[in-house]
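All remarks here apply to the structure that follows.
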There are 2 protein chains.
Amino acid sequence: MQNDAVLKAHGIKPSLTRMMIFDYLNAAKHHPNVEEIYQALQPKIPTLSKTTVYNTLHLFTEKRVARAVMLKDQENRYDLASHPHAHFQCTKCGKVEDVFRLPDIHLDQALPKHSVHDVSVLISGVCAECQKDEPLI
Amino acid sequence: MQNDAVLKAHGIKPSLTRMMIFDYLNAAKHHPNVEEIYQALQPKIPTLSKTTVYNTLHLFTEKRVARAVMLKDQENRYDLASHPHAHFQCTKCGKVEDVFRLPDIHLDQALPKHSVHDVSVLISGVCAECQKDEPLI
DNA sequence: CTATAAAATTGTAATGATTACAAACATTTA
DNA sequence: TAAATGTTTGTAATCATTACAATTTTATAG
Ligand SMILES: [Mn+2]
Ligand SMILES: [Mn+2]
Ligand SMILES: [Zn+2]
Ligand SMILES: [Zn+2]
């Protein structure tokens with residue numbers, strides 16, 4: 001499916017700016033924040049405003065095209081909502097990795113009378129690389 | 001175990017301020033934020049500074065006495081780290097509920113070379129109460 | 001093709017949580 | 001007691017996010 005079709009399918013009119021922000025999220029693997037998206041696209045869209053980046057990401061999040069990844073930082077980072085997955089953040093180097101292989105979490109028994117819309121899982125610890133650096137204490 | 005013993009056991013000197021913040025977290029069931037803790041304790045500790053609340057919560061978090069609960073709000077809320085559990089936040093009324101009955105998540109296979117320190121699970125949706133208000137669409 | 005309405009984008013100014021930092025105060029140690 | 005260390009405080013920055021009105025662009029109607 002083309003990118004503009006993805007936006008249309010979610011009820012979003014595919015303006016140039018919106019498509020470029022979608023493309024950037026699609027290509028980025030590292031969960032960019034607003035500042036990074038703005039800095040990356042501003043050369044290509046010289047009139048781009050940071051407010052538009054905020055507006056667009058809010059729209060994407062509301063229409064479930066993207067989701068905000070809330071890490072231990074105090075800034076939101078963004079991810080396309082395509083495949084649900086968890087995130088691992090290394091406390092040493094700050095790197096964020098996608099974690100796709102998580103066991104299904106069945107919430108029916110735990111929350112029988114609730115309507116669950118979203119589950120976000122954030123794992124923190126030390127990544128494989130940083131383990132090597134300090135193997136023994 | 002007494003509260004001061006809990007702090008000592010985590011390598012924290014139990015000053016009066018620290019014990020009162022610990023007590024407040026222990027009694028509070030609703031994951032208070034810094035402002036609320038400050039407002040609640042300021043009458044009892046007239047010289048209390050909000051910076052001290054921040055300092056103390058950072059100390060508690062570092063020493064694993066408490067943990068920061070990051071919700072969709074843009075402010076941190078705090079919880080004693082006693083029993084690991086997930087959180088459910090209602091998108092209608094904003095209420096936050098503890099969710100203790102979650103299946104164990106075994107990360108060994110998913111992250112074999114990582115050292116996992118913490119897993120935080122945030123579930124969002126509509127709570128039982130708010131379901132009743134708008135049952136049909 | 002215009003005129004009008006609606007939607008999208010922009011720039012600037014607030015907001016508000018958090019942090020930085022140095023001074024003041026309290027406690028421990030020698 | 002004196003010095004060192006640890007704790008608390010107040011004020012001033014920082015910085016991500018939001019509010020909001022103006023401007024520009026796009027869609028719709030005549
Ligand atoms: Mn991801
Ligand atoms: Mn809790
Ligand atoms: Zn690492
Ligand atoms: Zn509710």
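Chain naming here is simple, since letters A, B, ... match the order of the sequence lines and numbering starts at 1 in each.
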Electrostatic pair A/E62-A/R64, nearest N-O below 4.0 angstrom: no

No-hydrogen, no-angle side-chain donor-acceptor test under 3.5 Å, B/N3 and B/D23: yes

Sub-4.0 Å heavy-atom contacts from residues 24-48 of chain A onto DNA chain C, ordered by number: A/T47, A/L48

Would you tabulate the side-chain donor-acceptor contacts of residues 40-50 of chain B under 3.5 Å, counting partners in other chains and residues two or more places apart, or write 'none'?
residue : atom : partner : partner atom : Å
B/Q42   : NE2  : B/P46   : O            : 3.3
B/S49   : OG   : B/T51   : N            : 3.1
B/K50   : NZ   : B/E35   : OE1          : 2.5

Taking only N/O atoms, report every protein-nucleotides 11-14 of chain D pair under 3.5 Å with atom names and distance.
residue : atom : partner : partner atom : Å
D/dT11  : O4   : B/T51   : OG1          : 3.4

Interatomic distance, A/K50 NZ vs D/dC20 P [rounded to whole Å]: 21 Å

Residues A/K72, B/D118: salt bridge by 4.0 Å N-O rule: yes

Any residue of residues 52-66 of chain B with a heavy atom less than 4.0 Å from an atom of DNA chain D: B/T52, B/N55

Length of the line joining A/M19:CE and C/dA8:P, which is rounded to integer Å: 15 Å

Those residues that, when tested against B/H87, pass ring pair (Phe, Tyr, Trp, His ring centres under 6.0 Å) (two or more places apart): B/H31, B/H85

Minimum heavy-atom distance B/P84-B/S82, with the two atoms named: CD-O, 3.6 Å

For nucleotides 21-27 of chain D, print each protein N/O atom paired with a nucleotide N/O atom at under 3.5 Å, atom names and distance only.
none

Test item: side-chain donor near acceptor, B/Q131 and A/H114, under 3.5 Å: no

